[in-house]
Amino acid sequence: MAEEKDVSQQLLSEKILQLQKLCSSQLSSVDFNQFLLNSREKCKKAEVILKRSNDITSVYEATKYYVQALLDFTYYDENLLVEEEFPEDNAEDRVRHILVMLPDCASIVSELYGEHVNAVDVLGMDIVECVHWRRGALIYMYCHTINADTDRLQRQQTQFIKLLNEGIDYLSAMLNTRGTAGDDVTQIEDDNTLKLINEGVFSDTHLLALMYAGEMCYWFVIATKDETSRQNQVIEVGKRFLQKYINIVKGPMNGAGWGCRRAEQLLQELCTKTET
C-alpha cells in the first residue's frame with residue numbers, strides 16, 4: 001500500500017512539473033495572461049504540499065490543485081479559440097488537444113490511484129462538475145459555430161455528429177454528479193431554493209447546462225436524420241433536459257432574467273420527432 005502511494009505521488013509530481021513547464025513556455029510567448037499565471041501558481045502550491053507531507057490527505061489536496069491548474073491552463077486556449085471563432089482549418093485539432101489536456105476526473109484519479117478510487121472522494125464535487133462542464137461547454141461552443149454556417153456544417157457533418165455525442169454525454173455527467181439533494185435540505189426554508197435543489201440545479205451553470213445539452217440533442221437529431229436507437233435515446237434525453245429547464249425558468253427562476261422561448265421551440269420539435 002505504501003509503495004502504491006509512493007508511485008502515485010511520484011506520478012503526480014511528474015505531471016505537476018510537466019504542466020509548470022508548459023505554463024512557463026506559454027508565458028514566455030505572451031505579454032501577460034492571468035490564467036497561465038494562476039495555473040503556474042497552483043502547480044507551485046501542489047509542489048509545496050507534496051514536499052511538506054506524503055500522507056494521503058495531502059496528496060489528494062495536491063491533486064486538487066493540479067486539476068485546478070489544468071482548468072486554468074486550458075481556459076487560456078479555450079479563450080483563444082472563442083476569440084478566433086473556432087477557425088475551420090485547425091479548431092478540431094485544438095479542441096481535441098484541450099480535451100486530452102483536461103481529461104475527465106475519473107480518468108485522472110484512476111491513472112494516479114487506481115480504478116477503485118472515486119474521483120469525487122479525491123477532488124470533491126465542485127471540481128468534478130467543473131471539468132465535465134468545461135468539456136461539454138467547449139464542445140457546445142464549437143458545435144454552435146459549425147451549426148451557424150450551413151456550408152461548414154455540410155463539410156464537417158461527421159465531426160459535428162461525433163462532437164455532439166460527446167458533448168451531450170459530458171453535460172449529462174455534469175448534471176448527474178450530485179443528483180438531487182435528498183435529505184440534506186431540511187434547514188432550507190426558501191421554497192424556490194428548495195425546488196431548485198430538489199431538481200439538481202445548484203447554480204446558474206447547472207441551468208445553462210440543461211439548455212446547452214437540450215440544444216445539442218436537437219442538433220444531433222436534425223443532423224442524424226435516420227432513426228437509430230441512439231437517436232431515440234438522445235430525443236428522450238433532450239426532452240427531459242428541456243422540459244426541466246422550462247419548468248425551472250417558469251417556476252422558481254421566474255422573473256430572474258431567464259427566457260424559455262427557444263427551449264419551448266426545441267422541445268416541440270423533439271416531441272414531433274417522437275410522434276412521427
Side-chain angles (χ1 to χ4, degrees), residues 34-35 38-39 42 64-65 67-79 81-83 86 95 98-99 101-106 108 119-120 122-145 163-164 166-182 184-185 188 190 192-219 237-263 266-267:
Q34 191 61 53
F35 293 111
N38 290 346
S39 181
K42 284 166 185 169
K64 286 183 182 181
Y65 275 112
V67 176
Q68 289 171 339
L70 281 177
L71 285 163
D72 283 331
F73 182 82
T74 52
Y75 198 57
Y76 166 74
D77 285 331
E78 285 181 40
N79 281 338
L81 273 169
V82 172
E83 288 171 11
F86 293 90
V95 166
I98 291 170
L99 294 175
M101 279 292 299
L102 185 64
D104 66 90
C105 292
I108 296 171
V120 172
V122 177
L123 302 171
M125 285 187 183
D126 287 345
I127 292 177
V128 173
E129 276 185 338
C130 187
V131 172
H132 286 315
W133 161 252
R134 284 276 301 282
R135 286 162 65 84
L138 172 64
I139 288 180
Y140 172 84
M141 290 185 289
Y142 183 26
C143 288
H144 188 279
T145 302
L163 285 161
L164 289 172
E166 294 175 41
I168 293 165
D169 286 345
Y170 296 153
L171 291 182
S172 295
M174 181 258 185
L175 290 163
N176 290 329
T177 299
R178 294 175 197 259
T180 55
D184 299 330
V185 294
I188 297 176
D190 181 73
N192 284 337
T193 302
L194 189 58
K195 287 176 184 176
L196 288 169
I197 292 173
N198 282 331
E199 288 288 350
V201 175
F202 298 87
S203 68
D204 286 355
T205 305
H206 289 82
L207 190 54
L208 193 56
L210 286 171
M211 185 63 207
Y212 279 9
E215 192 163 16
M216 283 198 287
C217 287
Y218 171 76
W219 291 337
V237 170
K239 285 164 59 179
R240 186 173 73 250
F241 284 154
L242 290 167
Q243 188 63 68
K244 180 180 280 193
Y245 174 87
I246 292 165
N247 291 344
I248 290 169
V249 170
K250 288 186 172 182
M253 293 296 285
N254 186 30
W258 293 82
C260 60
R261 182 179 298 176
R262 172 68 173 162
L266 298 182
L267 179 59

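The shortest side-chain heavy-atom distance between Leu196 and Leu207 does not fall under the 4.5 Å cut-off. Looking at heavy atoms from C-beta onward, Asp77 lies out of side-chain contact with Met101 at the 4.5 angstrom threshold. Within the 4.5 Å cutoff, no side-chain heavy atoms of Leu267 are placed close to those of Tyr245. In this structure the side chain of Tyr212 never reaches within 4.5 angstrom of the side chain of Tyr170, judged on heavy atoms.
Screening residues 135-145 for salt bridge (Lys or Arg N to Asp or Glu O under 4.0 Å), with sequence neighbours left out, gives no hits.
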Counting only pairs under 3.5 Å, give me each side-chain donor-acceptor contact of residues 68-76, with atom names and distances, residues two or more places apart or in other chains.
unit_1, atom_1, unit_2, atom_2, d
Asp72, OD2, Lys42, NZ, 2.6
Thr74, OG1, Leu70, O, 2.8
Thr74, OG1, Leu71, O, 3.3
Thr74, OG1, Arg134, NH2, 3.1

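Between Phe86 and Tyr142, the two ring planes are parallel [angle under 30°; tilted spans 30° to 60°].
Tested against Asn247, the residues Gln243, Lys250, Lys244 include a single side chain to side chain donor-acceptor pair (under 3.5 Å) partner, Gln243. When each of Thr205, Ile246, Val201 is paired with Leu210, the side-chain contact (heavy atoms from CB on, under 4.5 Å) condition holds for Val201 and for no other.
Nearest heavy atom pair, residue Gly124 against residue Lys64, reads N-CE, 4.4 Å. Closest non-hydrogen pair, Lys195 versus Pro252, comes out as CB-CG, 4.2 Å. Counting all heavy atoms, side chain and backbone alike, Ser172 lies closest to Phe241 at OG-CE1, 3.5 Å. The heavy-atom pair separating Cys105 from Val131 by the smallest distance is SG-CG2, 3.5 Å. Closest approach of Met211 to Ala263, counting heavy atoms only: SD-CB, 3.7 Å. For the residue pair Cys143 and Trp219, the shortest heavy atom distance occurs at CB-CZ3, 3.9 Å.
Residues His206 and Glu129 bring a donor and an acceptor atom of their side chains to less than 3.5 Å of each other.
Going from atom CG of Leu242 over to atom CZ of Arg262 covers 9.5 Å, rounded to the nearest 0.5 Å. For the atom pair CD1 (Ile248) and CE (Met253), the distance works out to 8.5 Å, reported to the nearest 0.5 Å. The OG1 atom of Thr177 lies 8.0 Å from the CG atom of Leu175; values are rounded to the nearest 0.5 Å. Rounding to the nearest 0.5 Å places CG of Asp169 at 11.0 Å from CG of Asp104. Of the inter-residue distances, the one linking Cys130 atom SG with His132 atom NE2 reads 11.0 Å to the nearest 0.5 angstrom. The CE atom of Met174 sits 7.5 Å away from the CG atom of Leu171 when rounded to the nearest 0.5 Å.
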Q.
I'd like to know whether Leu81 forms a side chain to side chain contact (heavy atoms under 4.5 Å, CB included) with Met141, so could you lay out the CA-CA distance, the side-chain angles of the two residues, the decisive distance to 0.1 Å, and finally the verdict.
A. CA-CA 10 Å; Leu81 273 169; Met141 290 185 289; over 6 Å; no
(Q) Run the side chain to side chain contact (heavy atoms under 4.5 Å, CB included) test on Ile197 and Thr193 for me, step by step, so that the C-alpha distance in whole Å, both residues' side-chain angles and the decisive distance to 0.1 Å come before the verdict. (A) CA-CA 6 Å; Ile197 292 173; Thr193 302; 3.9 Å; yes
Q.
For Val122 and Ile108: C-alpha separation, side-chain torsions, deciding distance, then whether side chain to side chain contact (heavy atoms under 4.5 Å, CB included) applies.
A. CA-CA 10 Å; Val122 177; Ile108 296 171; over 6 Å; no
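Under the side-chain contact (heavy atoms from CB on, under 4.5 Å) criterion, Cys217 pairs with Ile168, Val234, Val237, not counting sequence neighbours.
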